[in-house]
Amino acid sequence: MVPNDDKISAFQVGLIVYLTPIGVGIFTLPATLAKDVETNGWISLILGGLFCMLIIYFICDVGKKYSNLGLVETLKFLFGKVLGTILAFPVFIYYIVFTAMEIRIFGETTKMYLLFKTPLEYIMVPILILAMILTRNGIEPIARFLRRPFS
């Protein structure tokens with residue numbers, strides 16, 4: 001792994017926080033919301049947004065208090081070694097399942113609207129490779145990658 005000396009600007013942090021949910025949810029949220037709650041979707045959207053903001057506030061508060069620790073280390077510190085490891089496992093599984101689902105949605109959407117005759121594997125594998133490269137190199141290349149369209 002590359003040494004962890006990443007430095008990113010406040011603008012880059014804002015881009016990551018703002019663009020990630022938009023890029024992920026823009027494909028799935030409107031259809032899911034309309035199917036599940038029909039005309040009352042705006043109420044669900046507002047309540048869900050407020051709940052998420054509350055959770056994010058608590059996560060940021062804990063992150064400030066234990067800024068020198070990673071997620072797993074923070075869970076181990078707060079809940080003990082055994083319980084912290086047990087609590088970290090569902091988070092790990094969530095990230096794996098979420099990544100697989102989002103890459104599949106991205107691939108199918110790209111195939112549907114842009115690359116009609118391209119096999120799905122040829123769309124998804126380059127995205128996986130790009131994600132692995134960016135993840136391996138830390139947060140700074142991800143922030144630079146997201147800032148590129150605004151430069």
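For clarity, every value in this text was computed on a predicted model and none was experimentally measured. Each residue takes its place number in the sequence, starting with 1.
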What about [X] and [Y], same hydrophobic cluster or not, with Ile/Leu/Val/Met/Phe/Trp/Tyr joined at side-chain heavy-atom distances under 4.5 Å?
X: Phe79; Y: Phe77; answer: yes
X: Ile56; Y: Val91; answer: no
X: Ile86; Y: Phe92; answer: no
X: Ile46; Y: Ile43; answer: yes
X: Met132; Y: Ile103; answer: no

I'd like to check Thr118 versus Lys111 (side-chain heavy atoms, cut-off strictly below 4.5 Å). Are they in contact?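 In short, these two side chains do not touch, never coming nearer than 4.5 Å.
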Thr110 versus Met124: any side-chain heavy-atom pair under 4.5 Å?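 Counting from C-beta outward, Thr110 and Met124 never come under 4.5 Å.
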Does Gly70 offer a backbone N or O that forms a donor-acceptor pair with the side chain of Thr74 under 3.5 Å?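 It does hold such a pair.
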Heavy-atom pair of closest approach, residues Ala88 and Val72: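 Looking at all heavy atoms of both residues, the shortest contact is CB-CG2, 3.9 Å.
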Considering all heavy atoms, the nearest Val37-Ser44 contact: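 It is CG1-OG, 3.7 Å.
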To the nearest 0.5 angstrom, please state how far the [atom1] atom of [X] sits from the [atom2] atom of [Y].
X: Cys60; Y: Ile55; atom1: SG; atom2: CD1; answer: 11.5 Å
X: Phe51; Y: Leu54; atom1: CZ; atom2: CG; answer: 7.0 Å
X: Leu75; Y: Leu69; atom1: CG; atom2: CG; answer: 10.0 Å
X: Arg104; Y: Leu120; atom1: CZ; atom2: CG; answer: 5.0 Å
X: Tyr94; Y: Thr99; atom1: OH; atom2: OG1; answer: 9.0 Å
X: Ile129; Y: Ile127; atom1: CD1; atom2: CD1; answer: 10.0 Å

Does the side chain to side chain contact (heavy atoms under 4.5 Å, CB included) test come out yes or no for Leu78 and Tyr66, once each step is laid out? CA-CA 10 Å; Leu78 292 174; Tyr66 305 105; 3.4 Å; yes
